[in-house]
Amino acid sequence: GAVVSQHPSRVICKSGTSVKIECRSLDFQATTMFWYRQFPKKSLMLMATSNEGSKATYEQGVEKDKFLINHASLTLSTLTVTSAHPEDSSFYICSARVWTGGIYGYTFGSGTRLTVV
Amino acid sequence: AQKITQTQPGMFVQEKEAVTLDCTYDTSDQSYGLFWYKQPSSGEMIFLIYQGSYDEQNATEGRYSLNFQKARKSANLVISASQLGDSAMYFCAMRENNAGNMLTFGGGTRLMVKP
């Protein structure tokens, strides 16, 4: 149980276009979704926290107008990279907090590898 | 200051041997949780083991154990009987219960298991 489905797994887009990444919780309700970005051979950096029905909270240095996050339902959170540029190329991964195995743990999507050309 | 520090960017271990991956953390919270994740080249994050700040016993999950030394603020991961499939990036992460419940990750350790 507690699966987060993330799509697409890989996307190549042209500079200046927008890309939407979806994360769906398949068998639970995700009140909160965390969005991370990971550069090659680097760690995961938290970009923003989205809560269902309210505005996302962005980490310092993350452009909220470039990385639009929507969490319109308890099972769907989306990240839209607007007017993408090559420097936005990265691995994006979402995560939801879940009660599992007697603890509050985290389940992750499988990630999206974005390449902007 | 870094909240989670993993001082070993890369480690080699011989197959069937045990290996310890280091993790130190920094928090003023009394209630927090420590997690270890494995990330193979495919990118997925695989949960390995969890230690709560109030847990008195070290966590164990199969071949994984966590050497929790609270006073030293360290939470090292021990992998016993290494297998070739253990080759991956390993991340230590912390959740501070008074800080929004997000996970903060260390820089990671790349483990390479030699046959």
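Quantities reported herein were computed from a predicted structural model and do not represent experimental measurements. Below, chains carry the letters A, B, ... as their sequence lines are ordered, and counting in each starts from 1.
In terms of hydrophobic clustering, with Ile, Leu, Val, Met, Phe, Trp and Tyr side chains grouped at heavy-atom distances under 4.5 Å, B:L21 and B:F105 are assigned to different clusters. The cluster map of Ile, Leu, Val, Met, Phe, Trp and Tyr, joined by side-chain heavy atoms under 4.5 Å apart, puts B:Y90 and B:I4 in the same cluster. Placement of A:W35 and A:V62 within a single hydrophobic cluster is found when ILVMFWY residues are connected by side-chain heavy-atom separations under 4.5 Å, directly or transitively. A:V11 and A:Y36 end up in different hydrophobic clusters when Ile, Leu, Val, Met, Phe, Trp and Tyr side chains are linked at under 4.5 Å. A continuous path of ILVMFWY side-chain contacts below 4.5 Å connects B:V19 to B:V113, so both sit in one hydrophobic cluster.
Per-residue counts of heavy-atom pairs under 4.5 Å with chain A were compared for B:G108, B:S42, B:G43; the largest is that of B:G43.
Using a 4.5 Å cut-off between heavy atoms, A:Y106 touches chain B through backbone and side chain atoms alike. Interface residue A:I103: only side-chain heavy atoms are found under 4.5 Å from chain B. Contacts between A:Y104 and chain B at a heavy-atom distance below 4.5 Å involve backbone atoms as well as side-chain atoms. Neither the backbone nor the side chain of A:Q6 has a heavy atom closer than 4.5 Å to any heavy atom of chain B. B:T109 does not touch chain A: none of its heavy atoms, backbone or side chain, sits under 4.5 Å away. Residue B:Q39 touches chain A through its side chain alone, counting heavy-atom pairs closer than 4.5 Å.
By a heavy-atom distance cut of under 4.5 Å, not one residue of residues 74-85 of chain B is near chain A.
Counted within 6.0 Å of CD on A:E87, heavy atoms from surrounding residues, nucleotides or ligands total more than 12; the atom is thus considered enclosed. Atom CE of A:M45 is surrounded by 12 or fewer heavy atoms from other residues, nucleotides or ligands within 6.0 Å. Heavy atoms of other residues, nucleotides or ligands lying less than 6.0 angstrom from CG of A:L74 number more than 12. Summarising the local packing, CZ of A:R10 is surrounded by 12 or fewer heavy atoms from other residues, nucleotides or ligands at distances under 6.0 Å. A 6.0 Å sphere centred on NZ of B:K16 holds no more than 12 heavy atoms belonging to other residues, nucleotides or ligands. Sparse packing is recorded around NZ of A:K64, with 12 or fewer heavy atoms of other residues, nucleotides or ligands lying under 6.0 Å away. The environment of NZ in A:K20 is sparse: at most 12 heavy-atom neighbours from other residues, nucleotides or ligands sit within 6.0 Å.
Taking CD of A:Q38 as the start and CZ of B:F91 as the end, the distance is 5.0 Å to the nearest 0.5 Å. Rounding to the nearest 0.5 Å gives a distance of 4.5 Å between OG1 of A:T49 and CE of B:M102. In this structure, NZ on A:K41 lies 5.5 Å from CZ on B:R110, to the nearest 0.5 angstrom.
In this structure the side chain of B:L103 never reaches within 4.5 angstrom of the side chain of A:F34, judged on heavy atoms. A:F108 has its side chain out of reach of B:F47: every pair of non-hydrogen atoms, C-beta onward, lies at least 4.5 Å apart.
Without hydrogens or angle criteria, A:S43 side chain to B:G106 main chain gives a donor-acceptor distance under 3.5 Å.
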task = Kindly determine whether B:M45 and A:T107 satisfy side-chain contact (heavy atoms from CB on, under 4.5 Å), including the steps that lead there.
result = CA-CA 8 Å; B:M45 295 292 285; A:T107 185; over 6 Å; no
